[in-house]
Amino acid sequence: MDTEDLWMGGFFQKKIKKTANSPQLRGEDTNQKYFRPSRLPALNTRVRSFTFFNPYYTQPPENIQLPSTLMATAEDTILNYFSVLREAAYFSEGEGGGCGTVGMAAIPYPAAYQFLNKEYQKRVSYEKFFHSFRGIGHITLIKLNKVKTSHYFVELETIEGSAKDVTFFAYYYGFITVIKEKESYKIHDMTFHGEDFLCAPYHGWDHEAEAVVDVKYGEWCKLVKKRYPTYKNNYVKHIYFHGTDGHDYLFVFFELTNGTDVEIAQFKRRATGRWIPIKIDPEKCLKQR
């Protein structure tokens, strides 16, 4: 497993590089799917004024107590966490962006740290938390979706600085676990993955949900007898197929801003009609061939 680095308060997991796929173009229209950035509206818009930080910006992190109303539900916690961080900016020596002070500078970070539960704060000190935002000048939460109990999918658009004094957009997706601590819901864990905009249009098939199902679960696992047309709602893809074992299956994917699909969940339908979660590892199927 790759070494985990702390990034933006969460654990950043580097993508495993694959060398089997050769370069291939897919046509101009298809390529634009991968090259164009997101135009989704911001979800983290709850903190609209600097006055929110008036009680906190002169206080050390350990003295800050946020109102429990900010963490009344798991969704509130995530939305308010990223709302606090939206205008935060931390550029260290040798990198920069903008002209002069950016946003609210470092003022939001101590308040944002209070959205982490006690166990997470034991793993990640405030100093490490603060430095994990280095180079980031703006954060926009563009996707939020509940995956299962206490577990949420997020996608972020950031504006980052550089040694050239120019800024660039970068996109990340990740998963956040939120659990109840006393009367509030707090963040228990965060993991993030970076998005690449040049891999999918030039390499392979495993960026498309339909191809993933056909190859990994069809060819490798010999499970797909008939795949039905994809049902897509916004960025969520539902792929149904009838299995060679006589059962019906549902695989859920989320489409990222870079145009690639990420597998989120697998379900198998029982005779009663109820969908139950399952976990099929296609790599095991491949090894058994």
Side-chain angles (χ1 to χ4, degrees), residues 7-13 38-47 66-86 112-120 123-124 139-158 171-195 209 212-213 230-240 248-270 273-281:
W7 178 88
M8 210 168 62
F11 292 92
F12 186 78
Q13 299 179 345
S38 174
R39 295 183 179 180
L40 293 176
L43 301 177
N44 54 329
T45 58
R46 295 186 173 187
V47 177
L66 297 178
S68 59
T69 53
L70 295 175
M71 295 166 277
T73 68
E75 289 85 355
D76 283 333
T77 296
I78 296 173
L79 287 170
N80 287 319
Y81 172 73
F82 286 111
S83 293
V84 167
L85 288 170
R86 185 181 181 188
Y113 188 65
Q114 306 314 312
F115 285 89
L116 311 185
N117 73 350
K118 296 299 182 183
E119 184 176 335
Y120 201 10
R123 295 169 58 196
V124 179
I139 301 170
T140 302
L141 176 66
I142 56 176
K143 291 175 186 172
L144 172 62
N145 202 306
K146 186 175 182 178
V147 176
K148 56 185 178 181
T149 304
S150 302
H151 199 56
Y152 291 80
F153 166 87
V154 297
E155 189 176 17
L156 304 168
E157 175 187 82
T158 66
Y171 293 83
Y172 305 86
Y173 74 94
F175 298 90
I176 298 178
T177 302
V178 181
I179 62 175
K180 195 169 186 179
E181 186 177 89
K182 296 183 179 180
E183 298 304 316
S184 300
Y185 288 86
K186 292 201 170 185
I187 295 172
H188 179 70
D189 190 51
M190 292 186 285
T191 57
F192 297 106
H193 308 260
E195 297 183 31
V212 168
V213 171
T230 300
Y231 173 76
K232 185 178 179 181
N233 181 17
N234 197 1
Y235 61 88
V236 182
K237 282 187 173 182
H238 290 82
I239 298 182
Y240 297 86
D248 290 322
Y249 292 85
L250 165 61
F251 281 56
V252 180
F253 292 78
F254 288 170
E255 185 180 63
L256 304 177
T257 294
N258 69 351
T260 66
D261 299 322
V262 175
E263 184 181 315
I264 298 298
Q266 306 173 359
F267 298 92
K268 180 178 181 179
R269 184 153 61 184
R270 286 182 171 175
R274 180 188 175 192
W275 292 100
I276 59 171
I278 59 171
K279 182 59 179 177
I280 301 171
D281 184 355

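Any value given below was found using the heavy atoms of this structure, including those in side chains, with hydrogens, waters and symmetry copies removed. If you're wondering where the values come from, they're calculated on a predicted model, not measured in any experiment.
- The shortest distance between side-chain heavy atoms of V47 and R86 does not fall below 4.5 Å.
- With a 4.5 Å cut-off on side-chain heavy atoms, Y240 and D248 do not count as touching.
- Between atom CD of residue E75 and atom CG of residue L144 there is a gap of 6.5 Å, rounded to the nearest 0.5 Å.
- Contacts of V262 classified as side-chain contact (heavy atoms from CB on, under 4.5 Å), with partners at least two apart in sequence or in another chain: Y173, L256, I264.
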Checklist entry - So T257 and E155, side-chain hydrogen bond (donor to acceptor under 3.5 Å, both in side chains) or not? Walk me through it. => result CA-CA 8 Å; T257 294; E155 189 176 17; 2.9 Å; yes

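- A distance-only check finds no donor-acceptor pair linking the side chain of E183 to the backbone of S68 [under 3.5 Å].
- Annotation: side chain of F253 is in contact with side chain of V213 (closest heavy-atom distance under 4.5 Å).
- Contact check for Y185 versus D76: no side-chain heavy atoms found under the 4.5 Å cut-off.
- Residues L116 and M190 are in side-chain contact: their nearest non-hydrogen atoms beyond the backbone lie under 4.5 Å apart.
- Although no hydrogens or angles enter the test, the distance criterion places no donor-acceptor pair under 3.5 Å between the side chain of K143 and the main chain of L40.
- Side-chain contact check for L250 versus H238: some heavy-atom pair is nearer than 4.5 Å.
- Put simply, the side chain of M8 reaches to within 4.5 Å of the side chain of I139, judged on heavy atoms.
- When every heavy atom of Y152 is checked against every heavy atom of A74, the shortest pair comes out as OH-CB, 3.4 Å.
- At least one side-chain heavy atom of V124 sits under 4.5 Å from a side-chain heavy atom of F11.
- In terms of the side-chain hydrogen bond (donor to acceptor under 3.5 Å, both in side chains) criterion, residue partners of N145 (sequence neighbours excluded) are, by chain and number, Y235.
- Smallest separation of non-hydrogen atoms from N117 and Y120: OD1-N, 2.9 Å.
- Here the CD1-OG1 distance, from I78 to T177, works out to 9.0 Å after rounding to the nearest 0.5 Å.
- Distance check, rounded to the nearest 0.5 Å: CE of M71 to NZ of K186 gives 5.0 Å.
- Interatomic distance, CZ of F192 versus OH of Y172, reported as 10.5 Å (0.5 Å rounding).
- The structure places CD1 of I176 at 10.5 Å from CZ of F153, a figure rounded to the nearest 0.5 Å.
- Take F82 and apply the ring pair (Phe, Tyr, Trp, His ring centres under 6.0 Å) test, not counting sequence neighbours, and it matches no residue.
- The aromatic rings of W7 and F12 sit tilted, their planes meeting at an angle between 30° and 60°.
- A donor-acceptor pair under 3.5 Å is formed between the side chain of N80 and the backbone N or O of L70.
- Side chain of T77 to main chain of T73: a donor-acceptor pair is present (N/O by atom type, distance under 3.5 Å, no hydrogens or angles).
- The structure places CG of D261 at 11.0 Å from CZ of F254, a figure rounded to the nearest 0.5 Å.
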